[in-house]
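Here's the structure, in structure tokens; my notes come after.
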Amino acid sequence: MNRNAFFALLVAIGVITVVIAGLLPTDMSGENFAHSSATLDELRGEGRCAFSPAPPTAQAAAVPELRFGPRREILWAGPPARIAEWISPTDQLLLVLPGASAGREAMALLTPSSGEVRALGDRSIAQSLPAWSVSANAVIERADARFSALSAPRDEAQGVAAYVNTEVQIAADVRGAHTVAWTSYRARLIDAASGEECDLMVNRIADGADRPIVDAKWSSDGRWLALLMLTEAERLGPTVLRVLDLERAVWRDVNVDELTISTVNWIPGRQEVLVTAVDLSEPGAPDVMYVIDAASGGVRRAEGAPALFAPAYWGLRFAPDGRSLAAACVAPDESGLVTRGALCSWEVSLR
């Protein structure tokens with residue numbers, strides 16, 4: 001399987017797949033609220049979120065340099081594994097592995113420092129990754145019959161897109177204050193304290209079309225929300241990273257050398273985000289990494305970053321303290337298939 005085929009899987013990878021009847025609106029073709037002058041709090045009660053473009057910064061602050069220590073092999077003798085999560089506050093990786101039978105995949109907890117593995121059972125093969133609940137000491141999975149796929153066909157007037165994902169995915173900020181729920185074209189912001197929901201209409205293009213939403217990630221303080229979107233309604237192609245500031249109710253777009261962003265990871269405890277990007281016109285080229293400052297939109301390439309194969313699929317995760325970075329450092333064989341498992345880590349620092 002080549003690099004483009006792996007990247008195609010990105011559009012279906014989510015944090016948790018949970019669908020609740022009535023969670024998302026069935027029609028978001030009306031007014032574009034992205035340029036409203038009202039504040040976010042004023043409009044929440046009306047069921048809509050107002051985010052405006054962030055004004056240009058007079059002088060962008062210097063983006064810190066991300067430095068990598070030597071590569072360290074994580075004790076892992078198992079098959080190729082996807083890293084779902086580096087669990088906070090424990091020092092464990094949640095892994096997804098090939099299952100013992102067709103149509104099944106296994107889950108396990110790995111302690112990187114010792115190589116200790118705890119099996120967690122298996123599940124039906126899913127494109128979205130599982131999540132871990134520290135309080136429940138268990139995997140959060142879709143086990144309730146009330147949860148099902150949301151059918152939301154698009155009107156002809158809205159255009160016919162090559163990429164339509166009707167699964168609802170959710171991501172909650174670590175403080176538990178907000179949750180974002182999205183399908184490819186629709187998103188809602190949910191306030192945990194009040195239960196109020198509002199439409200996140202920040203993926204609208206000028207002509208009225210909607211950019212497909214690929215992923216959403218929260219910063220560790222819950223202030224910033226990064227939305228990764230396709231520039232146009234197509235399965236593969238350029239991307240735009242739109243960073244929302246919930247404190248100021250503004251958004252800022254970031255591009256990285258006209259490359260296609262594949263993964264988004266906030267650096268714990270900071271306002272910078274680490275992204276990987278690929279050049280889809282060169283399938284054999286390694287992924288490159290960039291550090292992005294959420295406040296200014298400043299971008300800095302991470303020199304000396306490890307070259308990883310399809311981290312959007314295999315996983316790239318920060319330790320809870322932000323001092324280490326783990327990845328499935330797999331490599332394809334001559335036929336383009338990944339047949340051997342490998343997990344690595346690097347000490348990282350920002351200067």
Side-chain angles (χ1 to χ4, degrees), residues 13-20 23 72 74-101 103-148 167-181 190-193 195 215-222 225 263-269 313-328 341 343-345:
I13 295 173
V15 179
I16 311 170
T17 302
V18 179
V19 180
I20 302 174
L23 183 63
R72 298 178 298 188
I74 295 176
L75 296 175
W76 175 249
R82 298 166 62 190
I83 302 178
E85 186 178 349
W86 195 327
I87 300 169
S88 174
T90 68
D91 184 28
Q92 295 175 303
L93 297 175
L94 175 59
L95 304 179
V96 178
L97 318 168
S101 59
R104 306 292 293 179
E105 58 188 5
M107 295 173 290
L109 284 180
L110 170 68
T111 303
S113 57
S114 66
E116 180 183 356
V117 180
R118 172 187 166 192
L120 299 174
D122 63 354
R123 66 174 190 169
S124 297
I125 290 178
Q127 292 174 324
S128 59
L129 293 172
W132 181 259
S133 169
V134 174
S135 59
N137 193 33
V139 169
I140 300 173
E141 268 289 84
R142 185 177 51 176
D144 195 307
R146 294 173 300 175
F147 299 153
S148 60
E167 282 188 342
V168 173
Q169 302 177 62
I170 71 170
D173 75 68
V174 294
R175 302 178 308 160
H178 293 96
T179 297
V180 60
I190 305 166
D191 184 275
D215 200 3
K217 293 287 181 64
W218 290 97
S219 63
S220 56
D221 63 0
L225 175 64
T263 66
V264 178
N265 284 284
W266 287 94
I267 301 175
Y313 178 78
W314 292 105
L316 180 72
R317 302 289 182 262
F318 276 101
D321 62 8
R323 297 177 181 176
S324 298
L325 190 66
L343 300 174
C344 306
S345 69

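Remember, it's a predicted structure, so these values are computed and weren't measured experimentally.
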**Prompt:** How about Arg317 and Asn265: do any of their side-chain heavy atoms sit closer than 4.5 Å?
**Reply:** yes
Applying side chain to side chain contact (heavy atoms under 4.5 Å, CB included) to Ser101 and not counting sequence neighbours gives Arg104
Closest non-hydrogen contact found for Asp221 with Ser219 is OD1-OG, 2.6 Å
Sorted by chain and residue number, the side chain to side chain contact (heavy atoms under 4.5 Å, CB included) partners of Ser88 (sequence neighbours excluded) come out as Pro320
Side chain to side chain contact (heavy atoms under 4.5 Å, CB included) with Ile83: of Leu94, Leu93, Val96, only one passes, and it is Leu93
When rounded to the nearest 0.5 Å, the distance separating CG of Asp173 from OG of Ser220 is 10.0 Å
Check your understanding: Are Glu105 and Arg123 within salt-bridge range, i.e. N to O under 4.0 Å?
Key -> yes
Across all chains, not counting sequence neighbours, the side chain to side chain donor-acceptor pair (under 3.5 Å) partners of Trp86 are Asp91
On a heavy-atom basis, the closest approach of Trp218 and Trp266 is O-CD1, 3.0 Å
Residues Pro98 and Pro80: closest non-hydrogen pair is CD-O, 3.4 Å
Mind running side-chain contact (heavy atoms from CB on, under 4.5 Å) on Val180 and Ile190 for me, showing each step along the way?
CA-CA 6 Å; Val180 60; Ile190 305 166; over 6 Å; no
Give a yes or no on this: more than 12 heavy atoms of other residues, nucleotides or ligands lie within 6.0 Å of atom CZ of Arg323. no
In short, Leu75 meets Ser114 closest at the heavy-atom pair CD1-O, 3.5 Å
The reported gap from CG in Leu316 to SG in Cys344 (rounded to nearest 0.5 angstrom) is 11.5 Å
Chi angles and distances behind the side-chain contact (heavy atoms from CB on, under 4.5 Å) call for Leu95, Arg82
CA-CA 6 Å; Leu95 304 179; Arg82 298 166 62 190; over 6 Å; no
Taken to the nearest 0.5 Å, the spacing of Leu109 CG from Thr90 OG1 works out to 7.0 Å
Student check: side-chain heavy atoms of Leu343 and Leu110 closer than 4.5 Å: yes
task: Could you tell me whether the side chain of Asp122 and the main chain of Gly99 form a donor-acceptor pair under 3.5 Å?
output: no
Shortest non-hydrogen pair, Ala319 vs Pro268, comes out as O-CG, 3.4 Å
Nearest heavy-atom contact between Ala328 and Ala81 is CB-O, 3.5 Å
CG of Leu120 to CH2 of Trp132, rounded to nearest 0.5 Å, is 5.0 Å
> Among side-chain atoms of Ser113 and Thr111, is any donor-acceptor pair under 3.5 angstrom?
Replying inline: no
